[in-house]
Amino acid sequence: MTSSLLLGLIGDGISASRTPRMHENEGAAHSIPTIYRTIDISNPRLAEVGLEELLTGAVRLGFDGLNITHPFKQQVIGLLDEVDPVAARINSVNTVVIDSTGRTTGFNTDVTGFAAGFRAGLDGAATEAVVQIGAGGAGRAVGFALAELGIGELIIADTDVRRAEGLAADIVEATSVGTRAKAIGLDELEGAAASAQGIVNATPVGMKAYPGTPVDTSVIGSDTWVADVVYFPLETQLLAEARAKGCRTLDGSGMAVNQAIDAFELFSGQKADPQRMRETFLSF
Ligand code: NAD
């Protein structure tokens, strides 16, 4: 059994991440002393350091695992010894397990994390037609998770229409469950949102730096469910307006907590306690 864990998160501007505390608390609760460091490329000390050097350094220094976030989730794939088939299919890795020989294996727990959060928070929600706004890093994970959840038709909008088209094509190609996926322009978004059974925001709109809503909520019906991946703040303007209409809503905490739950199990071989992980996440 793992006797201690040395973990890290590699990314840009991650000093406020809640992931380190979730892993350290959970490790302690399993009597596994756990140190989890942020390796933030916005730190001037790392100004000239590339991802390959950071990964090699972590392996050499005896790290047991890493989480990978923006802007490295795709770049890291080419640097790993092995990539789990799900992560390879979506072309995005957010978790790297480093074994005792230094061998690296990449996984994607954003996909499983969003799916678990969805099952817990929107159980039984209608999923025949769903509109997803945003096809960037989080959006790719959300799109594949929705497909695996059995969405009938996924309609994807992004200000960068080529990103939306690329994600729709990848989902159609990769999924065996027969999800239909298509990209639409922003000019078609309101019409699609008005007739969808569910809407997911996977853009940064709703964060303090990006105020507002990604779609005009006056077009959304009260029987439409609305999910957001933004978790700074948890109550985005989109969710507040949707809730005021009587819509079922899902905030970004489910994805954030469940990606850490799944990563903890990969790092430690132990099952994390979902309630404790959630309480740690919310305790900031
Ligand atoms: P990103 O920059 O990779 O992707 C954002 C995408 O949204 C881009 O493709 C962009 O073109 C598009 N976009 C931006 N504004 C838009 C608009 N008004 N209409 C349509 N498309 C628009 O960013 P990301 O890494 O995917 O992060 C997005 C959000 O998800 C952030 O708020 C981040 O904090 C959050 N996030 C949450 C979790 C979680 O666990 N809950 C995990 C990862 C990211």
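Read the numbers this way: they start at 1 and go in the same order the structure lists the ligands and their atoms.
Considering every non-hydrogen atom in both Ser268 and Leu5, the closest pair reads CB-CD1, 3.9 Å.
For the pair Arg89 and Phe144, the cation does not sit on the ring face, since its NZ or CZ is not both under 6.0 Å from the ring centre and inside 45° of the axis.
At a threshold of 4.5 Å between side-chain heavy atoms, the hydrophobic network of Ile, Leu, Val, Met, Phe, Trp and Tyr places Leu66 and Leu79 in one connected group.
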I'd like the atom pairs linking ligand 1 to the protein - N or O on both sides, separation under 3.5 Å - with distances to 0.1 Å.
unit_1	atom_1	unit_2	atom_2	d
ligand 1	3 (O)	Gly137	N	2.9
ligand 1	9 (O)	Asp158	OD1	3.3
ligand 1	9 (O)	Asp158	OD2	2.6
ligand 1	9 (O)	Arg163	NH1	2.6
ligand 1	11 (O)	Asp158	OD1	2.6
ligand 1	11 (O)	Thr159	OG1	3.1
ligand 1	21 (N)	Thr159	N	3.2
ligand 1	26 (O)	Gly137	N	3.2
ligand 1	26 (O)	Ala138	N	2.7
ligand 1	40 (O)	Ala256	N	3.2
ligand 1	41 (N)	Val229	O	2.9
ligand 1	41 (N)	Gly252	O	3.0

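Looking only at distances, no side-chain donor or acceptor of Glu241 sits under 3.5 Å from a matching main-chain atom of Leu238.
Note: Leu55 CG to Ile10 CD1 = 6.0 Å, rounded to the nearest 0.5 Å.
Defined by atom type and a distance below 3.5 Å, a donor-acceptor pair is present between the side-chain atoms of Ser92 and Asn108.
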